[in-house]
Amino acid sequence: MKIVGGTVITCSPGRNFVTLKLETDEGMYGLGDATLNGRELAVASYLSDHVLPAIVGRDARNIEDIWQFLYKGAYWRRGPVTMTAVAAVDTALWDIKGKALNVPVYQLLGGASRDAVMVYGHASGETIEQAVEAVGRYVSQGYQAVRAQCSVPGLPQTYGIGRGDRYEPAARGAVSETRWSSARYLGSVAPLFERLRREFGPDLHLLHDVHHRLTPIEAARLGRALEPYALFWLEDPTPADNHEGFRLIRQHTTTPLAVGEVFNSIHDCRALIEEQLIDYIRTTVVHAGGLSHMRKIASLAELHGVRTGSHGATDLSPVCLAAALHFDLSVHNFGIQEYMPHSDETERVFSHAYAFAGGAMHPGDAPGLGVDIDERLAASFPYQRAYLPVARLMDGTVHDW
Ligand code: KDG
Ligand code: MG
């Protein structure tokens with residue numbers, strides 16, 4: 001079965017997505033997500049200008065060989081643009097193999113290790129009371145795990161605070177800038193979780209995303225302050241590339257740590273996993289080299305008692321979410337999956353077999369990934385340049401957003 005060509009589909013049904021459609025001589029095609037938020041066209045060009053011409057004519061059944069060919073063969077390896085492009089090809093090839101063998105992808109990955117995949121939703125509020133109400137709405141929909149974020153008094157806009165239950169940080173047009181104060185933020189987190197534990201009791205899994213904004217010692221202080229509220233995890237407590245910072249945080253707190261949404265290779269997280277400096281690895285299919293590479297990361301993590309917790313924000317398309325769910329269902333050391341429902345426009349462009357029920361998701365049993373794209377409808381939502389916000393400290397210094 002030979003690869004005969006492919007199309008890179010850029011569209012913006014509510015937000016931008018890049019999707020690879022890989023075609024074979026047997027008329028079968030596979031889909032791969034290639035969306036890199038705010039840098040979409042770089043991946044689209046990498047795929048159409050450099051990758052597709054190099055893989056036409058290759059045997060679509062040789063997934064691992066094509067992965068190595070793209071990774072080692074380019075000489076220039078790793079990095080988010082490269083690894084997102086490699087992921088798109090890899091994901092599309094797993095989709096094709098599932099369709100060719102008439103089985104859902106999770107069967108190719110070893111079969112189901114569980115009945116369904118526990119997911120967490122995103123609750124936020126301008127005030128603690130609004131955040132409590134938002135968490136309550138998730139609980140009433142059956143969620144067993146909820147991430148909670150609250151505005152910081154005195155700061156204009158902060159990461160993670162949505163309108164209603166929707167949150168979409170990338171904005172069309174020019175780059176927006178916002179302000180940040182770690183001192184103000186630090187004082188605001190423990191009162192939120194104190195209130196949430198009082199309201200919802202000990203069984204609900206509560207999560208929080210620091211989004212890389214603290215220094216290691218600040219993060220250590222926050223982790224310790226949150227210990228009485230037994231979080232499921234504290235995410236990205238400090239910039240992810242500072243591995244030594246995690247050693248310091250670990251010395252001071254028993255709050256579980258999660259990191260990895262910005263990682264794109266096993267080498268980015270190897271030390272964190274091997275030294276058990278984290279509890280959850282949050283790499284995801286689209287940014288970490290596809291299902292083939294994600295399985296290697298999961299296997300390394302399994303050896304060291306680290307569980308998976310794949311990134312699943314709305315900038316990861318339904319193709320990525322489907323692939324993540326097949327991965328989550330199959331790997332033994334699955335922990336949790338992030339789930340932010342896509343907009344109605346996105347849902348109309350991408351049909352899918354995956355479904356949510358009772359706080360958990362299942363990828364469905366359609367052959368392959370179980371996702372499709374309506375290309376004509378996608379064409380009616382043309383790509384629009386969009387950027388993530390940039391944060392500055394109160395004195396104007398650029399900071400992690
Ligand atoms: O594109 C960036 C988003 O995916 C990221 O900011 C979302 O941190 C995030 C999360 O945990 O979902
Ligand atoms: Mg995050």
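All heavy atoms count here, side chains included; hydrogens, waters and symmetry mates do not. As the structure lists them, so they are numbered: ligands from 1, and atoms in each ligand from 1.
- At least one cation-pi condition fails for R282 and Y280: the charged atom is not both under 6.0 angstrom from the six-membered ring centre and inside a 45 degree cone around its axis.
- Ring geometry for H208 versus Y185: interplanar angle under 30°, hence parallel rather than tilted (30 to 60°).
- Near A313, meaning under 4.0 Å from any of its heavy atoms, are these atoms of ligand 1: 4 (O), 7 (C), 12 (O).
- Near N37, the atoms of ligand 1 lying under 4.0 angstrom from a non-hydrogen atom of the residue are 1 (O), 2 (C).
- A 6.0 Å sphere centred on CZ of R376 holds no more than 12 heavy atoms belonging to other residues, nucleotides or ligands.
- If you check which protein heavy atom lies closest to atom 6 (O) of ligand 1, you get H211 NE2, 2.8 Å.
- Residue E235 approaches the Mg ion (ligand 2) most closely through its N/O/S atom OE2.
- Y159 OH, 2.9 Å is the protein heavy atom nearest to atom 9 (C) of ligand 1.
- Annotation for ligand 1: atoms under 4.0 Å from non-hydrogen atoms of E338 are 10 (C), 11 (O), 12 (O).
- In terms of N/O distances under 3.5 Å, ligand 1 is approached by D209.
- Here S343 contributes atom OG and R15 contributes atom CZ; the two are 9.0 Å apart, rounded to the nearest 0.5 Å.
- For the pair K296 and E64, the salt-bridge criterion is met [side-chain N within less than 4.0 Å of a carboxylate O].
- Classified by interplanar angle (parallel below 30°, tilted 30° to 60°, perpendicular above 60°), the ring pair F17/F350 is perpendicular.
- Counted by atom type alone, N16 and S12 present one or more donor-acceptor pairs between their side chains at under 3.5 Å.
- Here E261 meets the criterion, with an N, O or S atom under 2.8 Å of the Mg ion (ligand 2).
- The shortest contact between atom 4 (O) of ligand 1 and any protein heavy atom is with D315 OD1, 2.8 Å.
- Closest approach between the Mg ion (ligand 2) and any N/O/S atom of D209 involves OD2.
- In this structure, atom 8 (O) of ligand 1 lies nearest to the protein heavy atom E261 OE2, 2.7 Å.
- The aromatic rings of Y106 and H362 stand perpendicular to each other, their planes meeting at an angle above 60°, with 30° marking the opposite boundary.
- Contact annotation for M340 and ligand 1: no heavy atom of the residue comes within less than 4.0 Å of the ligand.
- For the pair W401 and ligand 1, the shortest N or O to N or O distance does not fall below 3.5 Å.
- Residue-level proximity to ligand 1 for R282 is carried by the side chain, the only part with a heavy atom below 4.0 angstrom.
- Open room surrounds CZ on R385; 12 or fewer heavy atoms of other groups in view lie less than 6.0 Å from it.
- Ring planes of F356 and Y339: parallel class, angle under 30° (limits at 30 and 60°).
- Residue contacts with ligand 1, taken as heavy atom pairs separated by less than 4.0 Å, do not involve H212 at all.
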